[in-house]
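Note sheet for the following structure.
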Amino acid sequence: MAGAKKPVRILRNLNAKVAALPMITTALVIFVGCTIWTIVHSFTNSRLLPKLEFVGFDQYERLWSTRRWLVSIENLAYFGIGSLVFSLVIGFLLAALLDQKIRFENTVRTIILYPFALSFIVTGLVWQWILNPEFGIQHIVRGFGFENFVFDPLYNPDIVIFGVLIAGLWQGTGFIMVIMLSGLRGIDGEIWKASRIDGIPKWKTYLFVVIPMMRPTFVTALVLISAGIIKVYDLVVAQTNGGPGIASEVPAKYVYDSMFRSQNLGQGFAASTMMLLSVLVVLIPWAYLEFGGRKDGK
Amino acid sequence: VELEVTHWWTSGGEAAAVAEFAKAFNENTEHTWVDGAIAGSGGTARPIIISRILGGDPMGATQLNHGRQAEELIEAGLMLDLTDVAEAEGWRDIVHPTSLLDSCTLDGRIYCVPVNIHSFQWLWLSHQAFEDAGVDVPTNWGEFVAAAPALGEAGKVPLAMGQQGWQTSGAFGVINVAIGGLDLWRKINVEKDAEAAASPAMLEVFQAFAQARLLSQGSNVQDWNMATNMVITGQAGGQIMGDWAQGEFQVAGQVAGEDYSCLPGLGVNAVLDTGGDAFYFPKTDDPEITAAQKELASLMLSKEAQVAFNLKKGSLPVRGDVDLDAANDCMKKGLDILANGSIMPSGDMLLTPDTSSQIEDLLAEFWSDTSMTPEMAQERYANIIANAD
Amino acid sequence: MTSVSIQNLDLNFGSVNVLKQLNLSIEEGEFLVLLGASGCGKSTLLNCIAGLLDVSDGQIFINGKNVTWAEPSDRGIGMVFQSYALYPQMTVKGNLSFGLKNARLPKPEIEERVARAAEILQIEPLLDRKPGALSGGQRQRVAIGRALVRDVDVFLFDEPLSNLDAKLRAELRVEIKRLHQKLGNTMIYVTHDQVEAMTLADRIAIMRDGLVQQLAGPDEIYNRPANKYVADFIGSPAMNFFEGQAKKDGTINIGNLDVDLKGYEFADGPVNGPVWFGYRPEHVVLGEAARQLPLCVEAVADIVEPMGSDTLIWTKIEGVDFRIRTDGQAKVAAGDPLLVGMDPRYASIFDQQTEERV
Amino acid sequence: MTSVSIQNLDLNFGSVNVLKQLNLSIEEGEFLVLLGASGCGKSTLLNCIAGLLDVSDGQIFINGKNVTWAEPSDRGIGMVFQSYALYPQMTVKGNLSFGLKNARLPKPEIEERVARAAEILQIEPLLDRKPGALSGGQRQRVAIGRALVRDVDVFLFDEPLSNLDAKLRAELRVEIKRLHQKLGNTMIYVTHDQVEAMTLADRIAIMRDGLVQQLAGPDEIYNRPANKYVADFIGSPAMNFFEGQAKKDGTINIGNLDVDLKGYEFADGPVNGPVWFGYRPEHVVLGEAARQLPLCVEAVADIVEPMGSDTLIWTKIEGVDFRIRTDGQAKVAAGDPLLVGMDPRYASIFDQQTEERV
Amino acid sequence: MANNSINIAATAVSGPSGPKPRPLLSPRNIMIYSTLFIVCMYYALPLYVMIVTSLKGMPEIRLGNIFAPPVEITFQPWVKAWAEACTGLDCSGLSKGFWNSVKILIPSAALSILIASINGYALANWKFKGSEVFFTILIFGAFVPYQVIIYPIVIILRELGLFGKLPGLVLVHVIFGMPILTLLFRNYFTSLPEELFKAARVDGAGFWGIYFRIMVPMSLPIFVVALILQVTGIWNDFLFGVIYTKPENYPMTVQLNNIVNSVQGVKEYNVNMAATMLTGIVPLIIYFASGKLFVRGIAAGAVKG
Ligand SMILES: Nc1ncnc2c1ncn2[C@@H]1O[C@H](COP(=O)(O)OP(=O)(O)OP(=O)(O)O)[C@@H](O)[C@H]1O
Ligand SMILES: Nc1ncnc2c1ncn2[C@@H]1O[C@H](COP(=O)(O)OP(=O)(O)OP(=O)(O)O)[C@@H](O)[C@H]1O
Ligand SMILES: [Mg+2]
Ligand SMILES: [Mg+2]
């Protein structure tokens with residue numbers, strides 16, 4: 001009569017729970033534990049080594065009065081908005097283009113996708129070089145006789161972040177395009193037929209019918225892009241190292257430099273806590289809309 | 001045993017110099033030098049060094065600028081106490097100036113080995129550039145500024161400057177002493193006197209710095225040695241850079257006084273700082289390694305090693321009792337200044353990394369953003385000094 | 001007048017020849033059903049008519065105009081899809097008016113047309129909902145509405161009911177029939193459900209491998225299938241077949257039975273040779289009455305499937321599986337002996353070589 | 001002996017109560033069909049029996065053993081899924097033997113059992129193919145085989161035929177019936193196709209919203225539905241309903257017709273009050289014969305759907321849509337006048353409040 | 001010709017017939033293909049520049065045009081980058097880093113994919129109380145900037161005694177690969193028909209039996225996607241490689257950074273480019289070789305909302 005008794009709850013699916021242990025540990029120890037540890041230490045004046053000497057919000061006050069942090073935030077905003085908008089737009093346009101039953105689709109797709117295989121370090125180096133006014137694009141164009149042509153984004157503090165953006169887009173849009181492409185291919189072919197019979201031009205069909213239908217694809221792309229944006233670090237280090245001056249600093253670099261270069265852990269922790277907070281500010285409303293809202297709808 | 005030594009000396013002259021240490025270590029002891037070079041500047045290397053020490057898997061020895069960078073590591077008991085070696089070999093007597101050893105000392109114990117003296121206060125000038133521009137090689141900062149337009153017309157960049165933050169802030173320190181005088185500098189950096197930082201005298205310094213900013217337009221290089229290379233090849237008139245630049249001139253086969261000349265203290269105020277590099281030895285449980293560490297420590301201060309190393313590096317030895325016959329024109333100038341005691345402490349020893357990197361950030365921003373006036377920069381500078389500890 | 005006329009239509013997908021020199025002409029106001037097994041080219045033909053596929057050869061005329069190269073929206077056709085293909089992010093009203101807006105019709109006219117279509121289809125209360133909030137039947141109606149507002153001459157339906165459950169399917173079938181009676185448009189309707197085909201069609205075109213096998217009214221197709229394929233395809237349960245030997249004297253030999261084919265309407269008089277003798281399960285007569293018929297055999301009920309209104313009986317005659325469909329109230333159990341009678345008048349006989357009706 | 005017995009079964013998904021205090025007991029060797037509209041909880045119940053869902057409350061007994069908390073593989077059940085759920089990367093043989101290998105049976109025994117099942121199902125030539133290379137019907141057989149090899153007491157089928165086309169469905173239905181006759185196992189079969197239910201079942205359980213509405217033989221369910229839901233659900237086209245006013249004297253008033261219910265078997269004698277008068281389309285008598293019946297009205301054919309073997313006629317009686325199913329050879333056209341007769345003996349009458357049969 | 005026209009007249013067929021003519025050079029085609037051409041130029045240009053530069057000698061580079069093809073092809077930069085380039089005293093080029101990267105890559109990729117796929121499987125098919133909560137935390141982890149947890153992880157590794165050792169780095173890669181991979185696998189396993197899982201349970205297969213015998217064999221596309229993502233991610237990693245290892249274990253990217261930033265005299269762009277190419281070659285080969293599978297894997301449900 002083994003089956004008659006209701007088994008102890010915790011033992012049911014024991015295997016599954018055991019198998020999930022690495023995940024549970026990672027979630028709890030790394031993502032929760034370490035995060036809390038970091039937040040706690042952001043209220044201390046730890047320098048090179050973590051200490052529990054609490055100083056209240058001093059680190060935050062200092063943070064928000066530091067010009068470099070403000071520049072970093074501003075840059076992140078430009079870079080973030082830029083890469084979100086351009087990645088989505090370019091990714092979608094390219095996907096739509098590739099969806100036109102063109103020849104050489106595979107070749108074109110591979111060409112667009114390959115940069116995704118390269119590291120940010122490599123990407124940064126290559127673009128640093130191509131954008132170098134001495135022998136890069138500016139040099140070439142001047143060679144054609146346009147003596148006054150100026151294209152030196154990496155040496156102009158006002159637009160340097162867009163120089164970084166160009167490289168970032170080059171690296172990442174291919175992946176977004178592939179996602180978009182699979183989203184496009186997932187749309188019922190009859191929708192296209194219906195719109196042709198209705199006499200809707202293609203671009204209108206994309207705009208008013210297909211894009212709204214690709215919402216889940218866009219959400220996926222959005223999540224992937226934003227996860228990348230907040231972490232952007234290697235690219236900047238390799239391409240400009242934050243320069244000229246501090247014009248292309250980003251928060252992740254600020255954190256890193258505070259912790260290790262300035263040996264002010266507390267400051268670094270405060271900055272990383274702010275980064276986390278901004279992630280939450282973006283994620284929570286989204287999660288609410290995505291999951292919470294659905295229940296109300298039904 | 002194999003002793004891993006980390007450092008960030010990867011440019012031509014630096015690498016040649018460090019090779020001397022390695023050679024000496026390999027030849028004179030039964031230990032092996034394992035080179036752990038990390039490229040980039042100290043800014044890249046330091047986090048790696050520190051996290052390795054914290055991570056419990058330290059290297060055998062590591063370069064760090066002596067000064068306050070290692071303070072906490074020492075306090076946390078992560079560094080090897082070298083007092084016994086120092087006392088046995090009488091470091092107090094041989095190290096000159098003694099302030100170098102002081103900055104290795106915490107609570108009376110010695111934790112590091114200074115290996116050289118570096119001073120930032122040099123202006124390196126390219127003879128070829130001035131020749132091409134048809135003006136005489138200047139002998140001080142004022143003449144240099146005056147010659148700048150001629151250089152510009154000849155298609156030269158008057159002042160070469162790399163884009164890394166420490167270069168600009170170093171140059172600023174140099175101008176500070178040269179234009180503002182040593183007293184002002186001391187007030188600010190030693191006493192952390194914010195009023196002095198906000199004084200009109202300091203404004204002049206900032207104005208001079210802005211002038212330098214103007215002169216460096218068009219020098220689109222990152223690394224200091226790339227900037228030095230512009231001077232070597234005559235693309236640029238001059239560069240404000242520490243004495244390590246000398247190593248590059250040497251590697252390029254140039255002769256001081258003929259192909260290039262050097263102006264300590266910008267030819268205005270010939271005071272040298274006595275910064276420099278030092279080696280620290282993280283503590284390990286392995287007695288063999290500890291022994292090897294101590295051997296390396298004493299070897300680094302030996303006369304032969306000091307001479308060989310510093311000749312390559314272009315820096316000055318930390319012992320007053322070695323003679324550098326082989327030294328060239330510029331080094332001799334430096335030795336003389338050192339001998340007559342016109343020295344000042346290095347900023348690294350006085351300011352916490354936190355404060356120096358704040359200043360570095362400010363100056364880097366100022367340097368790259370021409371819309372920032374000297375007044376604006378000074379105000380923020382004074383602020384940082386006021387909050388420094 | 002001819003509404004749609006297809007002449008020598010060829011369609012290839014790469015090297016695959018899906019439609020083969022197909023000719024078809026449909027009268028104005030006619031309800032034509034394309035019926036056939038999956039993959040026989042029904043949707044392909046419909047897509048060609050709609051202009052959604054480029055033909056490989058041949059011509060298509062709609063209302064006398066050659067539209068072979070015309071855009072789908074210029075052909076005067078409306079199309080209803082199996083998956084409905086409603087624009088999911090627009091309201092029902094948006095779905096109905098999207099095409100009209102695009103054709104730059106004046107606003108009041110759009111309003112009026114949408115209102116009229118909504119009235120005809122009785123979807124007025126749904127106009128502000130999104131398709132996601134509609135039931136299957138309602139979606140279907142909106143899909144029809146989308147064709148309706150465009151005032152087209154020809155309606156094309158591609159299996160519009162096959163995603164629905166049986167009950168709804170039956171209801172909507174009737175609605176489509178009513179709509180056709182009301183509007184009087186030409187309608188071409190693709191299905192592989194023969195009940196739909198039989199009930200809706202004025203004429204049925206039975207397709208197989210890109211060819212039309214028979215084009216005729218439902219009655220004719222059911223009672224006088226042109227070949228064995230059609231006979232087998234139409235009717236559920238399927239027609240029973242015996243191999244037989246026909247003789248010139250109008251008799252046929254099946255196993256050890258000799259049957260007089262009196263009453264059977266030969267196409268060209270009695271034939272000689274091997275034939276298929278086909279007989280529909282529902283035309284079987286059971287019990288004593290069977291003895292009156294030229295063909296009467298004894299058998300044993302193998303499986304009995306009571307279906308409420310009818311009962312299916314499976315048995316074996318002359319070694320061949322034989323299906324009988326009879327009254328729902330018939331009390332037959334598995335194992336019972338049966339007396340099975342068949343009337344040659346209702347039989348269909350096909351040549352074994354050509355499989356054509358004789 | 002009782003084979004499967006379910007006592008007070010409750011199942012909740014979160015806060016949704018899908019099965020509500022359900023009781024059911026199935027005899028050994030019985031073929032029970034669970035029939036009901038989509039979403040009524042049929043699959044859920046089957047999954048509970050199989051042990052694939054943890055019950056919220058209640059108990060399940062199989063062959064007298066309480067298996068409420070037993071593992072699926074220990075319950076002596078085999079299951080056949082709608083999508084077949086064959087392991088795509090294994091051969092047919094691998095599919096059949098997977099469960100046996102898991103049970104660590106000796107190799108020769110596995111071989112033997114697989115061979116036997118393959119023989120019963122006639123899939124021997126397919127043993128080395130992968131599922132991808134099988135037709136729908138063959139896959140179905142393999143799926144059944146998987147249950148067969150395990151020598152289980154109870155077979156559970158979850159809509160095993162609904163992915164197939166009509167023709168194949170009819171054939172496989174018969175095969176399952178044969179299999180049941182041969183093996184004699186208990187079988188529980190979920191479907192929402194009433195033809196399947198009617199033809200296969202020994203008993204049918206009609207479910208609605210997690211409750212069993214009626215549990216009886218097919219005949220009884222068809223002829224004496226327990227409530228209006230069942231009556232409406234079973235039969236195609238659906239039963240016709242009129243609102244009526246029943247009187248204690250055994251008559252009923254429908255619109256301006258007064259009908260004597262002579263011959264109708266009341267559950268507890270004649271009732272008084274508002275009722276539904278239900279009548280199946282196939283029990284309608286047309287033509288002169290109608291005059292003999294207690295209820296005889298004149299009507300006009302609205303739509304006529306010839307379906308070959310039958311003809312459906314849509315008309316209106318007393319303002320209500322009325323469906324008639326008659327002979328396939330009946331020559332009725334839309335617009336023709338009809339004489340419609342109904343026999344109270346075949347009617348079903350339900351209380352308007354409770355919707356229960358009276 | 002005459003014959004043709006007679007034919008038409010005879011059958012009384014007029015007007016368009018047969019396939020609609022589609023000129024190869026329609027405005028639409030010209031637009032599409034020229035756009036594609038420009039796009040491809042943009043994406044291919046850097047690779048081109050890298051290759052071309054890495055094949056030039058220094059004098060040629062100093063002359064100027066980075067886009068010009070090499071006049072004289074030399075493989076010296078490649079040789080130098082692979083075996084001779086110096087960082088400090090160490091002049092063994094990238095070769096050592098390459099093997100280090102391989103040593104790091106194989107266990108990290110294998111382990112992280114294994115663990116993440118099991119996680120995904122448990123989350124998709126064996127939901128237990130709280131499993132969704134852990135999953136949500138994990139996904140949140142995908143957004144946590146690495147810098148936030150570098151430091152605590154240093155401490156954790158120290159306490160585990162893994163700091164500076166290969167297993168430590170492997171662990172770090174497993175941890176940071178987990179969120180996205182788990183999401184990928186969970187979504188994919190969710191999209192597999194649930195009935196298969198049920199059938200296997202009825203057949204008596206347990207947690208591991210179902211995973212290895214049923215799920216894994218059905219999941220080639222998603223494993224390919226995961227593999228590609230991990231291989232590129234781990235191979236290209238710089239931050240963890242530099243922080244959690246020591247010089248003898250430095251992966252190729254760290255070595256690359258060292259070589260590129262160790263300027264001795266003039267910057268040897270050709271060597272740098274060759275080194276860059278060498279570093280990128282493994283992921284590039286993987287992409288060029290399995291790009292199709294990658295795309296298919298993503299379409300197969302890897303990326304569903
Ligand atoms: N785009 C295509 N490329 C190649 N072959 C195709 C394509 N579309 C359809 N076919 C082939 O053409 C034949 C006819 O397809 P079609 O869709 O017209 O069949 P159908 O009769 O509509 O079938 P169903 O009842 O399943 O819808 C099939 O054999 C199919 O495989
Ligand atoms: N995992 C689940 N979580 C929440 N609700 C569920 C779940 N599975 C089923 N339900 C709900 O339980 C009810 C019964 O579902 P069930 O699958 O048993 O229906 P069914 O009778 O088998 O329908 P069908 O004929 O469509 O297969 C439905 O309302 C369904 O929405
Ligand atoms: Mg079709
Ligand atoms: Mg179900």
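So you know, we letter chains A, B, ... as the sequences are listed, proteins then strands, and number each from 1.
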Could you give the distance from [atom1] ([X]) to [atom2] ([Y]), rounded to the nearest 0.5 Å?
X	Y	atom1	atom2	value
A:Leu169	E:Tyr42	CG	OH	6.0 Å
A:Lys231	E:Phe143	NZ	CZ	8.5 Å
A:Leu118	E:Thr232	CG	OG1	9.5 Å
A:Ser119	E:Phe238	OG	CZ	9.5 Å
A:Trp170	E:Leu45	CH2	CG	9.5 Å
A:Gln100	E:Met31	CD	CE	9.5 Å

- Query: What residues, two or more places apart in sequence or in another chain, satisfy ring pair (Phe, Tyr, Trp, His ring centres under 6.0 Å) together with A:Tyr233?
  - Reply: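 Expected list: A:Tyr256.
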
Scan the side chains in residues 21-36 of chain A for donor-acceptor partners under 3.5 Å anywhere in the protein, sequence neighbours excluded, and list what turns up.
unit_1: A:Thr25; atom_1: OG1; unit_2: A:Leu21; atom_2: O; d: 2.5
unit_1: A:Thr26; atom_1: OG1; unit_2: A:Pro22; atom_2: O; d: 2.7
unit_1: A:Thr35; atom_1: OG1; unit_2: A:Phe31; atom_2: O; d: 2.3

Does a side-chain heavy-atom distance below 4.5 Å link [X] with [Y]?
X	Y	answer
E:Leu36	A:Glu105	no
E:Val144	A:Leu276	yes
A:Leu97	E:Thr35	yes
A:Leu113	E:Phe288	no
A:Val122	E:Leu256	yes
A:Thr173	E:Tyr43	yes
E:Met273	A:Trp129	yes

- Task: Using the six-membered ring wherever Trp is involved, compare the ring planes of A:Trp37 and E:Tyr151 and label them parallel, tilted or perpendicular (cut-offs 30° and 60°).
- Result: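 Plane angle under 30°, so parallel.
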
Between [options], who has the most heavy-atom pairs with chain E when the cutoff is under 4.5 Å?
options	answer
A:Ala19, A:Gly174, A:Gly186	A:Ala19
A:Gly268, A:Ser272, A:Ala16	A:Ala16
A:Phe116, A:Trp127, A:Tyr114	A:Tyr114

- Message: Please identify, among E:Ile139, E:Leu284, E:Ile118, the residue contributing the most non-hydrogen atom pairs under 4.5 Å to chain A.
- Response: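 With the most close heavy-atom pairs to chain A, the winner is E:Leu284.
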
- Heavy-atom pairs under 4.5 Å with chain A, option from E:Ala122, E:Gly233, E:Pro179, E:Gly141 with the top count: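 Most heavy-atom pairs within the cutoff with chain A belong to E:Gly141.
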
Residue [X] versus chain E: region with a heavy atom under 4.5 Å:
X	value
A:Ile166	both
A:Leu93	neither
A:Phe269	side chain
A:Arg103	both
A:Pro251	neither

- Considering non-hydrogen atoms only, spot the tightest contact between A:Ile130 and E:Pro46 and give its length.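 Result for this residue pair: CD1-CA, 3.8 Å.
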
